[in-house]
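Each remark here refers to the structure printed beneath this line.
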2 protein chains.
Amino acid sequence: MRQKRITLKDIARETGVHVSTVSRALDPVERKSITEEVASRIQAAADALGYRPNRIAAGLRTNRTMTVGVMIPDITNVIFPPILRGIESVLEPLGYASIIVNTDSERDRETRLVDVLRDRGVDGIIHAAVLRSDPSIARAAAEGLPVVTLNRKVENSQIPYIINDEDAGICEMLRHLRDLGHRDIAHVAGPQDLSTGQLRLAAFRNAAATLSLDFDPALVATARRFDEKEGARCIRELLASGRRFTAALCANDRLALGAIDELREHGIDCPREISVTGFNDMPFLELIRPRLTTVRILQHSAGQTAATVLLKLMNGDKAEDIPMETILPVEIVVRESTARVRQDDEDRPA
Amino acid sequence: MRQKRITLKDIARETGVHVSTVSRALDPVERKSITEEVASRIQAAADALGYRPNRIAAGLRTNRTMTVGVMIPDITNVIFPPILRGIESVLEPLGYASIIVNTDSERDRETRLVDVLRDRGVDGIIHAAVLRSDPSIARAAAEGLPVVTLNRKVENSQIPYIINDEDAGICEMLRHLRDLGHRDIAHVAGPQDLSTGQLRLAAFRNAAATLSLDFDPALVATARRFDEKEGARCIRELLASGRRFTAALCANDRLALGAIDELREHGIDCPREISVTGFNDMPFLELIRPRLTTVRILQHSAGQTAATVLLKLMNGDKAEDIPMETILPVEIVVRESTARVRQDDEDRPA
DNA sequence: CTGAAAGCGCTAACAC
DNA sequence: GTGTTAGCGCTTTCAG
């Protein structure tokens with residue numbers, strides 16, 4: 001039933017030359033070593049028969065499959081698709097395809113999936129998961145498989161990583177709030193078992209110091225997940241604490257959206273009474289009122305950069321040509337969820 | 001540098017048996033044909049050495065790579081990630097991995113990508129693109145490659161397809177509007193070169209007939225893309241036409257969102273003055289005011305179903321056991337963007 | 001029950 | 001320049 005594919009042997013028979021000659025004629029670099037006439041005759045036959053190289057067979061021989069593995073926590077999270085397109089935009093034109101797997105941020109799933117990828121002979125792996133440490137990918141890298149991580153680094157390893165300048169993002173955002181007159185600024189932190197949550201909290205603390213703002217631990221509420229519900233819960237917690245604050249810097253957009261909703265429930269207007277900021281700049285933000293002030297991450301370029309570095313690794317470029325650390329710039333996007341602190345708030349005694 | 005993997009040969013040497021024996025011992029079905037003692041000794045050695053089968057090599061031999069190809073227009077479109085997770089949820093536990101490619105709905109890209117997948121020896125393809133016809137995938141299927149399409153059927157082919165009951169969705173929605181007293185209902189149609197756009201327009205027309213509502217061609221505006229901007233443009237066009245309407249049924253959520261925004265620009269309130277409905281039930285809809293009344297499609301189950309059917313095909317199940325057509329139910333989700341038509345509108349002379 | 005041998009389709013030394 | 005040869009790691013006859 002399943003029609004058999006045209007192989008080199010078929011073309012060899014057709015053109016009356018040896019398969020190795022055919023192989024050479026069809027290989028853009030080896031082609032030079034062959035009489036032009038023969039080469040083009042072979043090419044013609046290949047085209048006529050509709051020959052397609054069997055990468056499985058080639059891969060077995062060369063140990064290169066022209067496919068890479070991409071590991072992400074969850075494709076359903078809107079920040080990842082743009083990253084994937086970024087990766088694809090550099091790899092696909094070069095003939096690479098990607099096997100994409102979702103780790104759900106589970107350690108054992110992640111371990112298993114690394115094997116799934118290696119079993120299929122991927123030439124390299126781009127790892128965009130967010131667990132703080134994970135042995136499996138480090139081991140793969142140590143054994144010589146090209147690996148690049150996105151959004152976080154693997155401690156004690158020689159794995160190149162690409163991260164976004166989240167510190168700068170948080171700091172700029174805090175500066176923005178300070179410039180609007182805010183002094184009592186809460187932080188809705190992300191889960192502390194995810195690198196993103198942890199990093200951003202640290203960044204918030206550092207930024208406060210940099211900007212000479214008080215850092216009040218009581219004004220930090222920590223979410224258990226990056227979702228609207230947790231954002232709402234955190235704000236509730238903050239409100240219940242009785243500590244006053246005029247702005248809430250949230251560790252991501254979903255937390256911020258949940259926070260704004262919850263404030264509304266309490267009859268508190270954002271941004272008039274409390275300013276709220278997000279992080280990531282998800283799509284659709286423009287459609288939600290008030291339009292959220294947030295930090296834009298260039299997911300697409302992050303993907304491109306990761307792919308570019310991975311390529312160098314796969315090409316065996318020498319170590320000094322491979323950037324171990326790439327920090328991508330972020331930018332704050334000021335929209336409607338932040339406003340100047342109200343007079344009566346500002347004028348209060350310190 | 002690159003550490004060499006453990007092969008059957010290694011564990012054959014280790015255990016003092018022939019590689020074919022090792023191969024059998026490690027194959028769950030062949031294992032029975034081997035002395036239990038030997039088999040477990042081999043198993044132990046394999047575990048100890050950390051053996052992982054090389055699927056490339058196995059694939060070359062068996063023509064099964066345990067990887068499938070998934071073609072979608074654009075992973076960045078929120079409706080696709082849930083489909084992918086649905087596919088993964090049935091395929092991954094069975095040992096399959098997926099190569100995912102984005103077609104951008106371009107015919108030639110699509111053709112090329114089918115080859116990309118076939119070159120890598122995928123065992124089957126799930127094709128969720130939306131172009132109305134496309135020869136490449138039909139050819140692949142005709143040559144015996146297991147193929148299933150999602151969201152649309154390929155004409156004149158024996159390719160099983162899974163679609164959502166969009167007709168019912170549109171009809172239910174129209175009924176909902178009619179029950180609210182609406183009689184002059186506009187349709188913001190999707191691009192007519194995409195099956196979704198075309199199907200939903202046809203469904204709208206049919207539903208109008210079914211429900212004995214007038215179908216007024218002048219109350220149809222056609223978008224060139226499925227986005228907010230086009231939704232806005234279409235509403236502008238409808239408004240400019242001077243034709244009165246009290247509701248607009250849009251071919252998808254983004255068009256609806258754009259429509260509502262544009263109405264607001266014109267000082268027209270949704271739903272008080274004009275009701276608007278969407279289609280798809282994208283995530284985040286809950287966060288946008290007014291909350292959109294829409295048709296929910298079960299993307300995850302659609303993916304699961306597609307994978308299940310593909311499995312049957314790949315297993316070589318006999319034709320009568322393979323459902324050629326699967327129509328998945330949809331449901332309407334009534335939220336806040338639809339309301340009873342206003343008295344003064346309703347009481348007007350026919 | 002296990003070993004021997006062939007071969008999937010391709011590439012890469014090595015000859016000539 | 002082109003043919004010969006030898007595998008890549010695995011599965012699968014076919015013997016024994």
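Remember, it's a predicted structure, so these values are computed and weren't measured experimentally. Chain identifiers are assigned alphabetically (A, B, ...) following the order of the sequence lines, protein sequences preceding nucleic acid strands; residue numbering begins at 1 within each chain.
- Under the side chain to side chain contact (heavy atoms under 4.5 Å, CB included) criterion, A:T65 pairs with A:T67, A:D123, B:I56, not counting sequence neighbours.
- Under the side-chain hydrogen bond (donor to acceptor under 3.5 Å, both in side chains) criterion, A:N54 pairs with no residue at all, not counting sequence neighbours.
- Legend: residues meeting side-chain hydrogen bond (donor to acceptor under 3.5 Å, both in side chains) with B:E320, ordered by chain and number and at least two apart, are absent.
- For A:T111, the side-chain hydrogen bond (donor to acceptor under 3.5 Å, both in side chains) criterion is met by no residue, not counting sequence neighbours.
- Taken residue by residue, residues 20-30 of chain A places heavy atoms nearer than 4.0 Å to DNA chain C at A:S20, A:S23, A:R24.
- For B:D108, the salt bridge (charged side-chain N to carboxylate O under 4.0 Å, His left out) test picks out no residue, with sequence neighbours left out.
- For the helix from C:dC1-D:dG16 to C:dC16-D:dG1, the end axes, each set by the C1' atoms of five terminal pairs, are bent relative to each other by 40° (nearest 10°).
- Within the structure, salt bridge (charged side-chain N to carboxylate O under 4.0 Å, His left out) contacts touching residues 72-95 of chain A (residues at least two apart or in different chains) are A:D74-B:R85, A:R85-A:E88, A:R85-B:D74, A:R85-B:D104, A:E88-B:R109, A:E92-B:R109, A:E92-B:R112.
- Contact footprint of chain B on DNA chain C: nucleotides with an atom under 4.0 Å from a non-hydrogen protein atom, first to last in 5' to 3' order, C:dC1 to C:dG9.
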List, with names and distances, any nitrogen or oxygen atoms from the protein found under 3.5 Å away from nitrogen or oxygen atoms belonging to nucleotides 7-9 of chain D.
{"unit_1": "D:dG7", "atom_1": "N2", "unit_2": "A:R61", "atom_2": "NE", "d": "3.4"}
{"unit_1": "D:dG7", "atom_1": "N2", "unit_2": "A:R61", "atom_2": "NH1", "d": "3.1"}
{"unit_1": "D:dC8", "atom_1": "O2", "unit_2": "A:R61", "atom_2": "N", "d": "3.4"}
{"unit_1": "D:dG9", "atom_1": "N2", "unit_2": "B:A57", "atom_2": "O", "d": "3.2"}

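- Residues satisfying the salt bridge (charged side-chain N to carboxylate O under 4.0 Å, His left out) criterion with B:K32, sequence neighbours excluded, are absent altogether.
- Residues passing the side-chain hydrogen bond (donor to acceptor under 3.5 Å, both in side chains) test with B:Y96, sequence neighbours excluded: B:R64.
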